[in-house]
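Report on the following structure.
We name chains A, B, ... by the order of the sequence lines, and we start the count at 1 in each one. Not measured: the values here are computed from a predicted model.
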Number of protein chains: 2
Amino acid sequence: MAVTIIDVAKRAGTSTAVVSYVFNDGPRGVSDDARRRVLAAAAELGYRPNRIARALRASHSGFIGVISPDSSNPYFAQLDRALIAAIGARGATPLISHPGPAGMTDEQALRSLLGAQIDGLVMVPWEGRTLEADLTQSSTPIVFAHHRPDGARGPFVPADDEHAVELAFRHLREQHGHERIGFWAGPDDRGPAGRRLETWRSLTAEGDEPHRSGYSRAAARDVMVGLDRSALEPAIIAATDEQAIGLLAAAHIRGIRVPDELAIVSLDGTSGTDCTVPALSVVRQPVEEMAERAVAALIDGTVDRVETRGSLVTRESCGCTPAGGETTPAGAASV
Amino acid sequence: MAVTIIDVAKRAGTSTAVVSYVFNDGPRGVSDDARRRVLAAAAELGYRPNRIARALRASHSGFIGVISPDSSNPYFAQLDRALIAAIGARGATPLISHPGPAGMTDEQALRSLLGAQIDGLVMVPWEGRTLEADLTQSSTPIVFAHHRPDGARGPFVPADDEHAVELAFRHLREQHGHERIGFWAGPDDRGPAGRRLETWRSLTAEGDEPHRSGYSRAAARDVMVGLDRSALEPAIIAATDEQAIGLLAAAHIRGIRVPDELAIVSLDGTSGTDCTVPALSVVRQPVEEMAERAVAALIDGTVDRVETRGSLVTRESCGCTPAGGETTPAGAASV
DNA sequence: TTGTACGCGTTATCAT
DNA sequence: ATGATAACGCGTACAA
């Protein structure tokens, strides 16, 4: 049986209230003598406050829920870990759920977490998914990160989509003189990837169509391996790192030289992109900052409307630097 | 204020016990009529059982703790997600904590989780770390995955270390005729990476020394970029994928052709390795299986002593297949 | 079927 | 000021 507050009180020769006051620094003072005895007793017995009981009483738990796609995609993994770190840094405990094709639905995950008395929830929804209305009805505060489905309300910390594409596009055009700049899109056009695609459409010639594949490396690689050479622009912006890495693999398989014959810039900038062959030029999404803001919005009630900004990191794949180089052009973050 | 079991009981004109029986399918039967009324009342009011209260009463919470390194390493990320999936598949909710240099210590993470009434804990410790004794004293069941520090007790689901190195070594020697096979090790020799290194030592000529770098891609890349060409064996086994990817990047920067001038096999086989340039030959660790077993050991009390076995996946970097190919040699899993 | 004691920590209330 | 007592939160399971 676990050590309870009663055991500690008994051993310290005092009441449970005093023990509680000691452990919470309040709401009432405790004499030095009593405090010492309580601390000693707690140490001897190995007392550990039961957070469940505390949560029941206090009706807030110190738990923050996180729902994010169970994806092998490093971008989501990175966002996930950044959220976990941000939550932990504020003394709360993250409660994770990964709904996905294989397991729970978003609603089940939500229900499960809401029942756990979480103080708040950070939701990173699957792109394109919509959510049932009862989500928004909950009194538990929810913030969305990366994507907010149509119709859902609540604070939203988006990735940098529009501006990032502009950055990449202008770099390829102005620094490298590319006139035809293609876009490698996902299978559908909802969510952030859709916004990225739309921005590209607004910048390129009317009638230009993007390439499309699933979001995995292998999917992008396989599509590009089967592509007619003439269909390939001399420069391509990839909606995600995963796809860009797949394109690199396909270029290697087909003997297409990057960046000489094909320049590539990608739009996530996860940490893996600096050691690809050749190293990828990217617009780096400020994932840690996004996580920090999402958690701040939740805990402090900060409604932060300032959008995050990606920054251009030029390496070899756009043609900027030789193998091994990396630069972050001054002022690149502002377009 | 949230809807409680009392509200539902009142509205259904019954007692709280009956409501509880309905929601838990027991431990006692309920008449169809009463069940209907309870369900109707619950639906109307939007009742959601409070897991915290349930946990307090039942003294088991449905929470499973996971402590794993807050690493950007995809191997740990993959293990992490596999654990989360395995826990979710059994109807439990994972409670994650990522101690690390920046944030909590292992002990703090542990304390935080133990206070949350978790039913069990899967621990993926930092290699080389030791744990305070009070960990093992806890009545909460703990299983270790990937690594178990010296002196710690409890079920342990290791990665395939010894056998994986043998597999890689024999493949390079017997299929490719390499006589000098180097090893790329981590900065220290504790934990799984150390076991991998030891196995290599037992297979190679006396006196051969491994290369060393940190575990990150960039660390391995930078060390290899600075390495004297004569110090490089024609074939190298990398302790981890991350290091192998760094070696690929370094080979590209220095113009060393893989696999012609340098063959590489790596020992994690995370999903990223199939789209590197060139694609990495690996011994794939059965991460999902490890996660499944760890959770089974925890929930079912299964003490599974059968070790997991990695399997060889040969791609381009060892010289087996041309760009784009991949094979899993029959019987490769048994050495 | 119903009533209710129980689990554990918090805090309002009473006592000193 | 400081300490002690007890009600409370909510679901569970035993006694009635």
Side-chain angles (χ1 to χ4, degrees), chain A residues 1-39 41-42 45-63 93 111-112 114-119 139, chain B residues 1-39 41-42 45-63 111-112 114-119 139-140:
Chain A
M1 197 45 147
V3 180
T4 74
I5 200 171
I6 299 176
D7 302 319
V8 177
K10 238 177 237 163
R11 177 146 190 140
T14 179
S15 70
T16 61
V18 172
V19 177
S20 174
Y21 298 154
V22 168
F23 273 87
N24 301 325
D25 275 329
R28 293 266 299 271
V30 178
S31 69
D32 280 355
D33 183 51
R35 157 168 281 114
R36 230 188 317 278
R37 293 205 317 276
V38 166
L39 257 20
L45 296 172
Y47 169 69
R48 207 188 305 290
N50 182 328
R51 283 180 62 172
I52 297 287
R54 178 179 293 180
L56 179 60
R57 186 71 180 87
S59 71
H60 64 94
S61 59
F63 292 141
T93 301
R111 222 171 293 283
S112 151
L114 288 179
Q117 294 278 96
I118 52 172
D119 298 339
S139 62
Chain B
M1 198 44 148
V3 181
T4 75
I5 200 172
I6 298 176
D7 302 321
V8 177
K10 237 177 235 159
R11 178 149 190 136
T14 179
S15 71
T16 62
V18 172
V19 178
S20 173
Y21 297 153
V22 168
F23 273 88
N24 301 326
D25 275 329
R28 298 275 293 274
V30 178
S31 71
D32 279 355
D33 184 52
R35 157 168 282 114
R36 231 187 317 279
R37 292 207 316 277
V38 167
L39 256 21
L45 297 172
Y47 169 70
R48 206 188 304 292
N50 183 327
R51 283 180 61 170
I52 298 288
R54 179 180 293 181
L56 178 60
R57 186 67 186 94
S59 70
H60 64 93
S61 58
F63 293 140
R111 223 170 291 282
S112 152
L114 288 179
Q117 293 278 97
I118 52 173
D119 297 340
S139 62
T140 306

_Rounding to an integer number of Å, can you tell me how far A:Ile52 CD1 sits from D:dG11 P?_
14 Å
*The side chain of A:Ala17 lies closest to which of these nucleotides: C:dT2, C:dG9, C:dA12?*
C:dA12
*Heavy atoms under 4.0 Å, any strand shown: does A:Ala34 hit a base, just sugar-phosphate, or nothing?*
sugar-phosphate
*How would you label the contact of B:Ala58 with the nucleic acid (heavy atoms, under 4.0 Å): base, sugar-phosphate, or nothing?*
nothing
_Please tell me if A:Ser31 has a side-chain N or O lying less than 4.0 Å from either OP1 or OP2 of D:dG3._
yes
_Please confirm whether the shortest side-chain N or O distance from B:Asn50 to OP1 or OP2 of D:dG9 is below 4.0 Å._
no
*Residue B:Leu56, side-chain heavy atoms: nucleotide from C:dC8, C:dG9, D:dT5 that is nearest*: C:dC8
*Of A:Gly13 and A:Arg54, whose closest DNA chain D nucleotide lies nearer the 5' terminus?*
A:Gly13
_Below the 4.0 Å mark, does D:dT12 have OP1 or OP2 next to a side-chain nitrogen or oxygen of B:Asn24?_
yes
*hbond_proxy A:Arg51 side chain to C:dG9 base (donor-acceptor, 3.5 Å cutoff)*: no
*Tell whether A:Tyr21 reaches the base of D:dA1 with its side chain through a donor-acceptor pair below 3.5 angstrom.*
no
*Checking all strands, does A:Val30 fall into the base, sugar-phosphate, or nothing category for heavy-atom contacts under 4.0 angstrom?*
sugar-phosphate
*Choosing from C:dT13, C:dG9, C:dT2, which nucleotide comes nearest the side chain of A:Ile5?*
C:dG9
*Identify which one of A:Val18, A:Thr14, A:Val30 satisfies the side chain to side chain contact (heavy atoms under 4.5 Å, CB included) criterion when paired with A:Arg35.*
A:Val30
*Salt-bridge test for A:Arg37 and A:Asp33: reply yes if a basic N is under 4.0 Å from a carboxylate O, no otherwise.*
yes
_Spacing between A:Ile6 atom CD1 and D:dA6 atom P, to the nearest angstrom_ = 13 Å
*To the nearest Å, how far apart are A:Arg28 CZ and C:dC14 P?*
13 Å
_Partner residues of A:Ser61 under the side chain to side chain contact (heavy atoms under 4.5 Å, CB included) criterion, sequence neighbours left out_ = A:Ala55, A:Phe63, A:Gln117, A:Asp119
*Within the structure, does a side-chain N or O atom of B:Thr16 lie under 4.0 Å from either OP1 or OP2 of C:dT4?*
no
*Between B:Asp32 and B:Arg36, is any pair of side-chain heavy atoms under 4.5 Å apart?*
yes
_5'-most by nearest nucleotide on DNA chain C - B:Ala53 or B:Asp33_ = B:Asp33
*Among B:Ile5, B:Asp7, B:Val38, which residue meets the side chain to side chain contact (heavy atoms under 4.5 Å, CB included) test with B:Tyr47?*
B:Ile5
*Closer than 4.0 Å, any side-chain N/O of A:Ser20 to the OP1 or OP2 of C:dG9?*
no
*Side-chain N or O of B:Tyr47 closer than 4.0 Å to phosphate OP1/OP2 of D:dG11*: yes
*Taking atom types as they are modelled, is there a donor-acceptor pair under 3.5 Å from the base of D:dC10 to the side chain of B:Arg57?*
no
_Rounded interatomic separation in angstrom, taking CZ from B:Phe23 and P from D:dC10_ = 15 Å
